2 protein chains.
Amino acid sequence: MTQNIYDNEAFFAGYSRLPRSIEGLEGMPEWPALRALLPAMAQLRVVDLGCGFGWFCRWAAAEGAARILGLDVSERMLARARVETAPGAVTYRRADLEQLDLPAASFDLAYSALALHYIEDLEGLLAAVHRALVPGGRLVFSVEHPIYTAPRRPGWVESAGGGPGDGKVWPVDAYLDEGPRRTDWLAKGVIKQHRTIATYLNLLIRLGFALTHLEEWGPTAAQIALHPHFAVERERPPFLLVAAVR
Amino acid sequence: MTQNIYDNEAFFAGYSRLPRSIEGLEGMPEWPALRALLPAMAQLRVVDLGCGFGWFCRWAAAEGAARILGLDVSERMLARARVETAPGAVTYRRADLEQLDLPAASFDLAYSALALHYIEDLEGLLAAVHRALVPGGRLVFSVEHPIYTAPRRPGWVESAGGGPGDGKVWPVDAYLDEGPRRTDWLAKGVIKQHRTIATYLNLLIRLGFALTHLEEWGPTAAQIALHPHFAVERERPPFLLVAAVR
């Protein structure tokens, strides 16, 4: 079973207060870049892996997707998603993404936002996604960027020099040592899986996907003008966005 | 014209003393990984972009390649390459890779080792490579890894904590700010071009290449056993290896 940190009381309370939980897609600064990787949604059959509160599922329904299946391991998140979603194209289902079981060739788009870096058996999950997509079907996902997940001691440090141009640096180590990383984000002992960019991409290629776009996301100048504290995220990208076609 | 640092006296002297200049491919720890990305060489028409002293060209000839064109901007390097290469399949030619001009559909393999991060107009070069390859032709190259080239002040720093597991960290900043980086490697003011992984890959995809493999290279356990000072390179990969097909 996937670590179900979202049903941890402290984590859920903290997560629920994040801008992306209150404002939905508009509270995700990487959403415009992720949306740009998506096909036109009209008539698509869509699965959302790690749907959370259902913001993307509702957006897809509003954009005219034919059928949207939202999967998540957290009962609490699904409960809120169901309350906030009008009857129609969206179905929510509790699912352990480590044991994903979907009918073959039944989806045009698989989407996942910031969920896959919690998955231990990523190859098993992506193989199931490949089977579930029709030929020509799309996979679009975001994960925490490997530069972000690598360090043994993540966190900005002040550059020692003190000269002009000095500022915060991100202390990368252990980049090539893949595996679990324990962090205290919102709750103690959240386990994420660090993988290199090469591992993500070679896995997709080996399974028969063709890579169509990679984005190492950082805030735009317009976003930094609105939210000056975003600026530091350009020093090292927090998110990796991937688009591929079956 | 490409910055021709290799014809700088101090740089050339320093470069000539590197293990990879004395021992050739055997002095390149990333060579086994790069070789693993290459097709069988027998009968291939090969171009080497930045051939240096011609080690790869001679290897390709020994492996049975039909015709090998070695291109480099440095007259000094080509002079030594010509002296050390027996008459046969290899031709060396001085060329500015910023102005690459090759006949269409005339090569089965384009190879480049640690040269493309000096190129300003990488799109122009890769477009020329795409035209020069036959359909199904291969592009295999290595560059300095973007994590390696990004920092404003590259160089290992000691982790501040002092606790168990502490050691050297690589201070990443400016990762998303692409463009020139001035370093003092072998000579003062060597200019390299920092690009993100996404920029390299999206450029290839846009030009019509399909990515077949990505490697963020670090030394193997066997290499570290032989050369213990290599170990630190696993903290952040020094090289990025890319294989693609036209």
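Because only heavy atoms are used, hydrogens play no part in the values below, and waters and symmetry mates are left out as well, while side chains stay in. Numbered from 1 within each chain, the chains take letters A, B, ... in sequence-line order. These numbers come from a predicted model, not from an experiment.
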message: Working to the nearest 0.5 angstrom, can you tell me the gap between Trp31(B) CH2 and Glu26(B) CD?
response: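 One finds 9.0 Å between CH2 of Trp31(B) and CD of Glu26(B).
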field: Spacing of NZ belonging to Lys168(A) relative to CD belonging to Glu235(A), to within rounding of 0.5 Å
entry: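 The CD atom of Glu235(A) is 10.0 Å from NZ of Lys168(A), to the nearest 0.5 Å.
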message: Using a 4.5 Å heavy-atom cutoff, which residues in residues 104-117 of chain A come close to chain B?
response: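 At a heavy-atom separation under 4.5 Å, chain B is reached by no residue of residues 104-117 of chain A.
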So which part of [X] gets closer than 4.5 Å to some heavy atom of chain B, the side chain, the backbone, both or neither?
{"X": "Glu216(A)", "result": "both"}
{"X": "Ile147(A)", "result": "side chain"}
{"X": "Ile197(A)", "result": "both"}

message: Just so I understand: if I count every heavy-atom pair under 4.5 Å between each of Arg206(B), Arg236(B), His213(B) and chain A, which residue has the most?
response: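 Winner by heavy-atom pair count: His213(B).
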- request: Tell me, out of Thr199(A), Leu211(A), Leu214(A), who's got the most heavy-atom pairs with chain B below 4.5 Å.
  value: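 Option with the top pair count is Leu214(A).
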- request: Please determine, among Val157(A), Thr212(A), Asp177(A), Val232(A), the option with the most heavy-atom pairs under 4.5 Å with chain B.
  value: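 Highest number of pairs under 4.5 Å: Thr212(A).
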query: Any idea how Tyr175(A) and His194(A) line up, ring-wise: parallel (<30°), tilted (30 to 60°), or perpendicular (>60°)?
result: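 Geometry flag for His194(A) against Tyr175(A): perpendicular rings.
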field: Donor-acceptor pair, side chain of Thr196(A) and main chain of Leu176(A), under 3.5 angstrom
entry: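 Not at all, since once roles are kept as given, no pair shorter than 3.5 Å links the two residues.
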task: Without swapping roles, check the side chain of Glu98(B) against the backbone of Asp121(B) for a donor-acceptor pair under 3.5 Å.
output: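 Yes, because the side chain of Glu98(B) sits within donor-acceptor range (under 3.5 Å) of the backbone of Asp121(B).
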- prompt: Taking the six-membered ring for Trp, are Phe230(B) and His227(B) ring centroids under 6.0 Å apart?
  reply: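 Yes, ring centres under 6.0 Å apart.
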message: Quick check: closest heavy atoms across Pro171(A) and Arg153(A), and the distance to 0.1 Å?
response: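 Closest heavy-atom pair between Pro171(A) and Arg153(A): CG-O, 3.8 Å.
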query: Checking heavy atoms, do the side chain of Leu201(B), its backbone, both or neither come under 4.5 Å from chain A?
result: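 Only the side chain of Leu201(B) comes within 4.5 Å of chain A.
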